[in-house]
Amino acid sequence: MKNNKKNGKRSRLRAVLCCLLSALLLASLIGCDSDSGDAESTPTPTTAESAPSATPTETPTTPTPLPSLDTVESVLPGRVTVSGTEFQVNGQKLFINGVNTPWDNWNDFGGEFDAAFWDTHFAELRESGVNASRIWICCNGDIGINIDEDGIVTGATAKHWQNLDTLFALAEKHGIYVMATLMSFDNFKDSNKKYTRWRAMVQSEAAIQSYVDNYVVPFCERYKNCNSLWSIDLCNEPDWIFENAECGKLPWEALGSYFAHAAAAIHKHSDVLVTVGFAIVKYNSDGYSGNYGSDEFLQSCYADKDAYLDFYSTHFYEWEAPWFGFPFDKSPEAFRLDADRPCVIGEFPATGMLGDQSNSTAMSGSEIYRSSYDNGWNGVMAWTSNGVDDCGSLDDIRDGVKAMAEEHKAEVFPE
């Protein structure tokens, strides 16, 4: 019996212990559930403070589509033409209230082209009263154009054309007439990678023809229906190719052969106007060292009646004044340019003239626009609108171009 009682007590004790252990285990499980929870039992936070923190989901952005030449709505009313000594649009006189925006990133087209810059800058130019910009299509010949060791040109890169398509679409969109400068004396400088190729090109008629056939003509064909392409400048400041050893000191006859072949082809394939941006009137006037842009000179280099320039666009900086005078207070003819076609000052410093040279006069960049207009020039184009060097920017001429656009609206923005 004694043993039976002990066994009974032990059985009851085990039963009690089992109950206690079961209770503890259940409580533990319930506690774990309340900490981790499941979808149904976990309460939903009702405030931002009680909600668990999370990394926001990035929403993909769609790039703004670039304008297309096929679809862009142009605000330009028509092409720029020449009638006698005037530029005209739809029979109305046009004054080139212009600027130079030579590059954003050196060698933009086929290089580091930034469509956003050109979109924004063209809008700012138009808002300020500017109607035209001179842009370097090829800054030094290292990028964009396919040219071999013998100077033979086979075309241009796909990226070069794509970037130019966007540029001209943006010009149409914002109403900016573009003077397209195809090359510069920089192409020939011995500090550049391909300078020997460019020197070879202008000294071989076959190579010149390859450049004209495979680049100049395709350029015209591609953009000849864009009103924004108002002119082609065949070369920026060829004077230095002739004068400077670092550019080869090439003869005018070689440069003239290029000018003549290219001008003739442009005139045969489009109605785009043609010019050459001479650095100094010295080489653009028979009153000095000879006019290497005259019909007579060009056609002596290449016998074709279409080898001519539609207008002159000589440049001026104040160092020139002691030798060649001051253009902004006199007519183009008094500055000793031929008066048989329109004349533009293709470059002058936006900061204006200090009047510290003999034959010069102190004059702000803004004042130059009004004075040039009053003296019969067909346009002026300040260097530069985007401040690429220390010659100033749009801020230096904004008052002048704005005043011209307001006072001579019909000639700055003809309809």
Would you kindly say whether [X] and [Y] are connected by a side-chain donor-acceptor distance under 3.5 Å?
X: Gln209; Y: Asp213; answer: yes
X: Tyr283; Y: Glu243; answer: yes
X: Asn192; Y: Asn187; answer: no
X: Thr101; Y: Ser133; answer: yes
X: Asp165; Y: Tyr223; answer: yes
X: Glu172; Y: Ser228; answer: yes

Is the [X] ring parallel, tilted or perpendicular to the [Y] ring (thresholds 30°, 60°)?
X: Trp136; Y: Trp383; value: tilted
X: His267; Y: Tyr308; value: parallel
X: Trp103; Y: Trp106; value: perpendicular
X: Tyr215; Y: Phe219; value: tilted

If you draw a 6.0 Å radius around [atom1] in [X], do more than 12 non-hydrogen atoms from other residues or ligands fall strictly inside?
X: Arg370; atom1: CZ; result: no
X: Trp319; atom1: CH2; result: yes
X: Glu127; atom1: CD; result: no
X: Lys159; atom1: NZ; result: yes

*asked:* As a quick check of understanding, evaluate salt bridge (charged side-chain N to carboxylate O under 4.0 Å, His left out) for Arg197 and Glu149, giving each step before the final call.
replied: CA-CA 5 Å; Arg197 304 182 185 198; Glu149 296 287 350; 2.9 Å; yes

Test item: [X] side-chain N/O and [Y] main-chain N/O as donor-acceptor pair under 3.5 Å:
X: Asp306; Y: Lys268; answer: no
X: Ser83; Y: Glu86; answer: no
X: Ser371; Y: Phe328; answer: yes
X: Asp396; Y: Ala350; answer: no

*asked:* Here's one to test your reading of the geometry: is the NZ or CZ of Arg336 within 45 degrees of the ring axis of Phe324 and under 6.0 Å from its centre?
replied: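 Checked: cation-pi criterion not met.
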
Centres of the [X] and [Y] rings: under 6.0 Å?
X: Phe348; Y: Phe316; value: no
X: His408; Y: Tyr373; value: yes
X: Phe113; Y: Phe109; value: yes

Are [X] and [Y] ion-paired here, with the side-chain N under 4.0 Å from a carboxylate O?
X: Asp399; Y: Lys402; result: no
X: Glu221; Y: Lys224; result: yes
X: Lys282; Y: Asp239; result: no

*Nearest-0.5 Å distance, CG of residue Asn375 to CD of residue Glu333*: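 These two atoms lie 12.5 Å from each other.
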
Minimum heavy-atom distance between [X] and [Y], given as atom pair plus value:
X: Phe87; Y: Pro342; value: CZ-CB, 3.6 Å
X: Asn284; Y: Leu337; value: O-CD2, 3.4 Å
X: Pro322; Y: Gln357; value: CG-OE1, 3.6 Å
X: Phe185; Y: Glu237; value: CB-O, 3.5 Å

Output side-chain donor-acceptor pairs under 3.5 Å for residues 249-260, partner residues at least two apart or in another chain, one line each.
unit_1	atom_1	unit_2	atom_2	d
Ser257	OG	His261	ND1	3.4
Tyr258	OH	Leu234	O	2.8

*What residue among Asp295, Thr85, Thr275, Asp310 forms side chain to side chain donor-acceptor pair (under 3.5 Å) with Arg341?*
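So the option named by the test is Asp295.
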
